[in-house]
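Here the structure comes first, spelled out in structure tokens, and everything after it is commentary.
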There are 2 protein chains.
Amino acid sequence: MKEERKPKYYVLMDNLRKDIERGIIQPGDKIESENQLAEKYKMSRHTVRKALSILESEGYIVAEHGRGTFCKERDMSIKSTKNVAVVTTYISDYIFPRLIQGMYQTLDEEGYSVIIKNTGNSPKLEGKILQELIDKNIDGLIIEPSKSEIYSENVELYKKLDEYRIPYVFIHATYPQLEDKPHIVMDDIGGAKILTQHLIDLGHKRIAGVFKADDNQGAERHRGYIEGLTSNGMTYDPNIVALFHTEDKDYKPVAEVLKWVKSGEKIDGIVCYNDQIAYEIAAALRNEGIRIPEDVSLTGFDNLAMPWMNDLRITTIAHPREHFGEKAARLLIEKINHVSDADSKIARVVESKLIVGNSCADRRG
Amino acid sequence: MKEERKPKYYVLMDNLRKDIERGIIQPGDKIESENQLAEKYKMSRHTVRKALSILESEGYIVAEHGRGTFCKERDMSIKSTKNVAVVTTYISDYIFPRLIQGMYQTLDEEGYSVIIKNTGNSPKLEGKILQELIDKNIDGLIIEPSKSEIYSENVELYKKLDEYRIPYVFIHATYPQLEDKPHIVMDDIGGAKILTQHLIDLGHKRIAGVFKADDNQGAERHRGYIEGLTSNGMTYDPNIVALFHTEDKDYKPVAEVLKWVKSGEKIDGIVCYNDQIAYEIAAALRNEGIRIPEDVSLTGFDNLAMPWMNDLRITTIAHPREHFGEKAARLLIEKINHVSDADSKIARVVESKLIVGNSCADRRG
DNA sequence: ATTGTATACATGTACGTACAAGTGCTATAA
DNA sequence: TTATAGCACTTGTACGTACATGTATACAAT
């Protein structure tokens, strides 16, 4: 007396589909004939035909007149668009063109087209882009988190990506909630530690820090800076550490440093968030008559070349740019091809390499 | 006794589909009921249902239980992928990141995703990319021709784009066979003429030229240089004009200029294909002890900033970069939306603007 | 050995009937 | 006035029959 509310044809259709999806019926296999199925399921041939016609329109089977009905070769090309997206905070500035170039080359070799997107470091825009990309049915995604130190408001969207089996790879940082997802990052803690150690080795006594507060990289560089100080027995002084956000980035770092200097702080070195900030600070300090590196040493990140200041080369941590992009692309391709296992933690950390410029003075004498 | 080989249900299906496609049945309209159609076409209701079920699976109609069957809102998103491609010779170098940025911003605003591709200035690769993009069913294409002065081997592919109604916009140059297609170019003839005139006005007597021979821009700049000379009564001397190809670009321009200088040519100014070439020549000449601009003046194109030579600013013709990209994107969007008429000649030329640097000496004294 | 043909069996088309179930309107009862 | 029961009409499910047409094969005729 079981009350089956499903129509008869639906039951047959569902059984067959499940058999195909579970591999019990293999591609190329012949399905039992309509009359056989009708007898087996105790329904009319007409009802069997209804079930089969649905499966045929969905692409599971093909009927061949006079021969029988066969399970179709699973056509993955319908699902695979061979498009992948690269979502970065910026496109045309800084290291990004060459980062994207590295990804492009690798992905292109593997036959993927690259859709570029930029978030301008806005989580809201990131959300909009993710939704759009999910609708576009891409094969995979390389994404640089926006404001990664802030808990992501887009976790549901990343879950959706998981649901739809769209693999993604984080670069430069991850979100605190998504640390177990595949990502490729620089060893930012190690990098900042190396730079701090470098300044200490050169005899610096009072080393300031300027870090970004709303992304993971900034937080880690901050941590590395602290570790560098404390492991040498120096005390961490929050009064000479400036933290800025994306919105402040054009004035706050410089303003804070100038404030210290004008208030008489005896800073002899600054570990900066990146080379761009370092060059800006250099320009501002020189403007105040402070010599770099004779009075204040500067370090940065990303070995950036500056067009308008070629006598100063900031001592920095190398960013491998194209190679970094290539690494990310390779990891994504592995995920697309299911080479690496399902959802295991796949983090690849690029070790930090010091590049010595002429922005740090030797104060041991 | 007409022999109709088409099944009855097929006739009904075909009629309805054509009515929908021709707009006789509008989206939202109610289709006659199954019984009405059966009577009208003198077939059983069962046969009518077969016809309707096919149309439903194809997305033309929707049946609503108890209410009727309705013509579906035409789902254009099936055809429109909202993807457009930007195909340039390079991606990460020179002016291209900012050019692409300009296109990206405009296309993004209009809801299009941007697929980037680069040809490395190889017509063969361009062909491969075009074929791939046609298969990908993109909505439109912005393309910088590769070796545009050589007749394109890919004309059939551009014809295919026309067939499939995929609009495309050329930037920087067109192919000789495709000059009537929409394109956005710099006024290269005018630009070279302005630069030549500038040197003449400053009292230069023997002005050399270094141009690319395998792209349209190079050929036009070459022409503008000639016009600039002859319109001032000066003679064009092929002995002090170097033409190079993409493959030669890294050594030939510099080598030719050095050959002239070493053979005792009394050159006092050079109109260069672009700033990159100009800076390379500047570095090579300085290496030989020749002063810029005191001994030789240099001009270029594209107002490029050079990281490693900040005391020299080449006098150049401005390239609007983002604005140029934006213009191209707007033209493409017009073509996609059929705002501008079918295949009319839509060429937009960006006028040349001189930017005076410090690479040209005043020799009037 | 090749060709043709009969046959069995597959799917395809087309007719019929009956009843289930959702929708929208109207006439009727509370 | 409001709720609802009934009715007409819609699509949805399900059964039945019949014959058309394509495919593969066994077997006979050439």
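Convention: sequence-line order gives letters A, B, ...; per-chain numbering from 1. Because the structure is a prediction, the values reported are computed rather than measured.
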Are any protein N/O atoms closer than 3.5 Å to N/O atoms in nucleotides 4-7 of chain D? If there are, list each pair with its distance.
none

Identify each atom pair where a protein N or O and an N or O of nucleotides 14-18 of chain C are less than 3.5 Å apart, giving names and distance.
{"unit_1": "C:dA14", "atom_1": "OP1", "unit_2": "B:Lys8", "atom_2": "N", "d": "2.6"}
{"unit_1": "C:dA14", "atom_1": "OP2", "unit_2": "B:Lys8", "atom_2": "N", "d": "3.1"}
{"unit_1": "C:dA14", "atom_1": "OP2", "unit_2": "B:Tyr9", "atom_2": "N", "d": "3.1"}
{"unit_1": "C:dC15", "atom_1": "OP1", "unit_2": "B:Lys8", "atom_2": "NZ", "d": "2.4"}
{"unit_1": "C:dC15", "atom_1": "OP2", "unit_2": "B:Ser44", "atom_2": "N", "d": "3.0"}
{"unit_1": "C:dC15", "atom_1": "OP2", "unit_2": "B:Ser44", "atom_2": "OG", "d": "3.3"}
{"unit_1": "C:dC15", "atom_1": "OP2", "unit_2": "B:Thr47", "atom_2": "OG1", "d": "2.5"}

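The stretch residues 62-71 of chain B touches DNA chain D through B:Ala63, B:Glu64, B:His65, B:Gly66, B:Gly68, B:Thr69, each having a heavy atom under 4.0 angstrom from the strand.
Here B:Glu32 contributes atom CD and B:Leu37 contributes atom CG; the two are 5.0 Å apart, rounded to the nearest 0.5 Å.
The pair B:Arg17-B:Asp14 meets the salt-bridge criterion, since a charged nitrogen lies less than 4.0 angstrom from a carboxylate oxygen.
Rounded to whole Å, the distance from CG on A:Asn35 to P on C:dG12 is 13 Å. Atom NZ in A:Lys30 sits about 13 Å away from atom P in D:dT23, given to the nearest Å. With rounding to whole Å, A:Leu52 atom CG is found 8 Å from C:dT11 atom P. In this structure, CG of B:Leu37 is placed 11 Å from P of D:dT10, rounded to the nearest angstrom. Following rounding to the nearest Å, B:Leu12 (CG) and C:dT13 (P) show an atom-to-atom distance of 14 Å.
Considering every non-hydrogen atom in both A:Ile61 and A:Cys71, the closest pair reads CG2-CA, 4.2 Å. Nearest heavy-atom pair, B:Ser44 versus B:Ala38, reported as atom, atom and distance to 0.1 Å: C-CB, 3.9 Å.
Between A:Ser33 and C:dC9, a side-chain N or O to OP1/OP2 separation shorter than 4.0 Å is absent. Phosphate proximity of D:dG12 to B:Arg49: present, with a side-chain N or O under 4.0 Å from OP1 or OP2.
A distance-only check finds a donor-acceptor pair linking the side chain of B:Gln177 to the backbone of B:Ser152 [under 3.5 Å]. Here the side chain of B:Asn118 pairs no donor or acceptor atom with the backbone of B:Thr88 at under 3.5 angstrom. The closest donor-acceptor contact from the side chain of B:Tyr175 to the backbone of B:Ser146 lies under 3.5 Å.
Under 3.5 Å, the side chains of A:Glu144 and A:Thr89 contain a donor-acceptor pair of N or O atoms.
Note: A:Tyr158 and A:Tyr168 have tilted aromatic rings, judged against thresholds of 30 and 60 degrees for the angle between ring planes.
Heavy-atom neighbours of B:Glu39 CD from other residues, nucleotides or ligands within 6.0 Å: at or below the threshold of 12. Within 6.0 Å of NZ in B:Lys136 there are more than 12 heavy atoms belonging to other residues, nucleotides or ligands.
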